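Only one structure is covered here, and it is reproduced in the block below.
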Amino acid sequence: MIALSRLQQLGKQHGTPLFVIDHDELRKNYRQFRRYLPRVQVYYAVKANPDPEIVRTLYKEGASFDVASMPEFMIVHENIKKLPAKKRQDWIWDKIIYANPTKPVDTLEKLNKYKPLVTFDNSEEIRKIKKHAPNAGLALRLKVPNTGAMVELSSKFGASPGEAVDLILEADKLGLTVEGISFHVGSQTTNFENYVQSLSLTAAIFKEAQDRGYRKMNLIDIGGGFPAPYDSSVKPFRELAAVINKEIDRLFPKDIQILAEPGRFMVASAGYAVSSVIGKAVRDGKPCYYINDGVYHTYSGVIFDHCKYPIKAFKKGSTQLSSVFGPTCDALDVVSMAENLPDLERDDLVYSVNIGAYSHASATYFNGFPPAKVVHVNR
Ligand SMILES: *Cc1c(COP(=O)(O)O)cnc(C)c1O
């Protein structure tokens, strides 16, 4: 974690609203992931925060990338091609997976020349891929339990286990190769049982595919969902990793390739927001602070990500239950109705930690207020 005095000084030096990205923390998260899940290659999910500097730092550590749109693909492609490659291959799977199961036709056409690895979960998509990106390798996205995840994904994505092998054989018949199975247990999953169930579903589908004569699958993609340490209720990563390792070793042969697509886990704790009090009022006896960042900006995760970010003051002193509002003229722009804050003055700085994922990535220009300025720090 960055020292608070440094964070405050960055706010003063660069002005607010400010979004600070700590690259030592990115490296720490990457190394922790690899240390506890040594069989799993990291494909950082770029949508959590697509900053090119983050892509470069993680690439230098050895990461690969999960992208979900053509612009994200190009951010990765353009940024890693300038860096020394560990090995060069004429396909890009060891560096990028395109993990959005539904792809526009023009995207497929652009992707085709890269021989990409793409996910799919229905027959319409198989026909689209066959026609517009016949060079692609495929991974079937499986619908798996998302019980207890902060952000649920299973209602929008994934083939049901009952139709999985039919879809694999359908792709095979058209001359496409299904390389393996992918799933996503839901974002910020603290219910580790989701991974256990998903891995055993995946193993069952591998077996059914083999029994029905399909033997080309050699990868499993265990997706994202790895929880960020937002509060003390989140169990240590090492415990989740132990559960996953045990299941992988029990269910799959040694030579299978295993990918994961952590987004939040890599960047949440590497991002800080610093903003300023621009106005204050008392409403129904409660102090209300208006700050120059809000839910249309760095705090967009309050709305889109079902996430809460405590607001803290650098200033010391006895606290009172207060409300914190964003700068726009919309009543939705409420950062929090219940923060314990000291008596703040105009221009005092406030901050939030653990705000690196799904925050600045979904900031808008609403109401004429631009997203926060970004600074990158190494400790
Ligand atoms: C968003 C997303 C991720 C990242 O999920 P996290 O919960 O942030 O780890 C990974 N894979 C896919 C396909 C996604 O859509």
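Remember, it's a predicted structure, so these values are computed and weren't measured experimentally. Hydrogens, waters and symmetry mates play no part in the numbers below; they use all other heavy atoms, side chains included.
- No side-chain heavy atom of Leu240 sits under 4.5 Å from any side-chain heavy atom of Tyr36.
- Under a 3.5 Å cut-off, the side chain of Asn79 and the backbone N or O of Ile75 do form a donor-acceptor pair.
- For Pro310 against Ser352, the heavy-atom pair with the smallest separation is O-OG, 2.9 Å.
- Taking all atoms of both residues into account, the shortest heavy-atom contact from Pro262 to Val42 is CG-CG1, 3.8 Å.
- The shortest distance between side-chain heavy atoms of Val274 and Phe314 falls below 4.5 Å.
- Note that CG of Leu259 is 7.5 Å distant from OG of Ser64, once rounded to the nearest 0.5 Å.
- Rounded to the nearest 0.5 Å, atoms CG (Leu251) and CG (Leu199) are 6.5 Å apart.
- The aromatic rings of Tyr299 and Tyr309 sit perpendicular to each other, their planes meeting at more than 60°, with 30° as the lower class boundary.
- By the 4.0 Å N-to-carboxylate-O rule, Arg39 lies close enough to Asp249 to be salt-bridged with it.
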(request) Assess whether side-chain contact (heavy atoms from CB on, under 4.5 Å) is satisfied between Val350 and Asp293, documenting all intermediate values. (result) CA-CA 10 Å; Val350 293; Asp293 204 344; over 6 Å; no
(request) Begin with the C-alpha distance, continue with both residues' side-chain angles, and end with the deciding distance and a verdict on side chain to side chain donor-acceptor pair (under 3.5 Å) for Asn292 and Thr16. (result) CA-CA 7 Å; Asn292 60 359; Thr16 59; 2.9 Å; yes
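- With hydrogens and angles ignored, the 3.5 Å screen pairs a side-chain donor or acceptor of Ser200 with a backbone N or O of Gln197.
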(message) ring pair (Phe, Tyr, Trp, His ring centres under 6.0 Å), that's the test. Do Phe325 and Tyr289 meet it? Break it down for me.
(response) CA-CA 6 Å; Phe325 300 130; Tyr289 297 106; 9.7 Å; no
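- Residues Val196 and Val243 form a side-chain contact, since some pair of their non-hydrogen atoms from C-beta on lies under 4.5 Å apart.
- The aromatic rings of Phe19 and His360 lie parallel to each other, their planes meeting at an angle below 30°, with 60° marking the opposite boundary.
- In this structure, the side chains of Arg27 and Asn378 come closer than 4.5 Å at one or more pairs of heavy atoms.
- At a threshold of 4.0 Å, the pair Arg264-Asp305 counts as salt-bridged, since one of the basic side-chain nitrogens sits closer than that to a carboxylate oxygen.
- The closest side-chain heavy-atom distance from Tyr230 to Gln188 is below 4.5 Å.
- The pair Arg56-Asp51 does not meet the salt-bridge criterion, since no charged nitrogen lies less than 4.0 angstrom from a carboxylate oxygen.
- Under the 4.5 Å side-chain criterion, counting only non-hydrogen atoms from C-beta, Asp172 is in contact with Lys216.
- For the pair Lys95 and Phe65, the cation-pi test (distance below 6.0 Å, angle within 45°) is failed.
- Of the residues Ile129, Asn112, Leu174, the one that meets the side chain to side chain contact (heavy atoms under 4.5 Å, CB included) test with Pro134 is Asn112.
- One distance of note links CZ of Arg379 with NE2 of His23; it measures 11.5 Å at 0.5 Å rounding.
- A side-chain donor-acceptor contact under 3.5 Å links Glu170 and Ser123.
- Ring planes of Phe226 and Phe33: perpendicular class, angle over 60° (limits at 30 and 60°).
- Judged by distance alone, with hydrogens and angles left aside, the side-chain atoms of Asn191 form a donor-acceptor pair with the main-chain N or O of Thr147 at under 3.5 Å.
- Ile291 CD1 to Lys280 NZ: the interatomic distance, rounded to the nearest 0.5 Å, is 14.5 Å.
- Checked for salt-bridge contact, Glu208 and Arg212 meet the test: a charged N lies under 4.0 Å from a carboxylate O.
- When side chains are defined from C-beta on, Leu349 does not count as touching Ser275, because their heavy atoms never get closer than 4.5 Å.
- Residues Ile256 and Phe206 meet the side-chain proximity criterion, which asks for heavy atoms closer than 4.5 Å.
- In this structure, His77 has its ring center closer than 6.0 angstrom to the ring center of Tyr114.
- No donor-acceptor pair closer than 3.5 Å links the side chain of Asp66 to the backbone N or O of Ala45.
- The pair Arg250-Glu247 counts as a salt bridge, with a side-chain nitrogen and a carboxylate oxygen less than 4.0 angstrom apart.
- For the atom pair Ser198 OG and Ile222 CD1, the distance stands at 9.5 Å (nearest 0.5 Å).
- Summarising the geometry of Val178 relative to Ala171, their closest heavy-atom pair is CG2-CB, 3.7 Å, with the distance given to 0.1 Å.
- The main-chain N or O of Phe157 is never found under 3.5 Å from a side-chain atom of Asp121 such that the two would form a donor-acceptor pair.
- Here the CZ-CG distance, from Arg141 to Leu167, works out to 14.0 Å after rounding to the nearest 0.5 Å.
- Taking 4.0 Å as the cut-off between side-chain N and carboxylate O, Glu125 and Lys103 count as a salt-bridged pair.
- For Lys28 and Asp24, the salt-bridge test fails: no basic side-chain N is under 4.0 Å from an acidic carboxylate O.
- Ionic pairing of Arg34 and Glu61 is not present here: no N-O contact between side-chain nitrogen and carboxylate oxygen is shorter than 4.0 angstrom.
- No donor-acceptor distance shorter than 3.5 angstrom exists from the side chain of Glu261 to the backbone of Ile97, with no hydrogens or angles considered.
- A side-chain donor-acceptor contact under 3.5 Å links Tyr272 to the backbone of Ile2.
- Ring pair Phe369/Tyr296: centre-to-centre distance not below 6.0 Å.
- Under the 3.5 Å distance criterion, the side-chain polar atoms of Asn146 are matched with a main-chain donor or acceptor of His184.
- A donor-acceptor pair under 3.5 Å links the side-chain atoms of Lys143 to the main chain of Ser154, judged by distance alone.
- Side-chain atoms of Asp221 never come within 3.5 Å of backbone atoms of Ser182 as a donor-acceptor pair (strictly under, hydrogens ignored).
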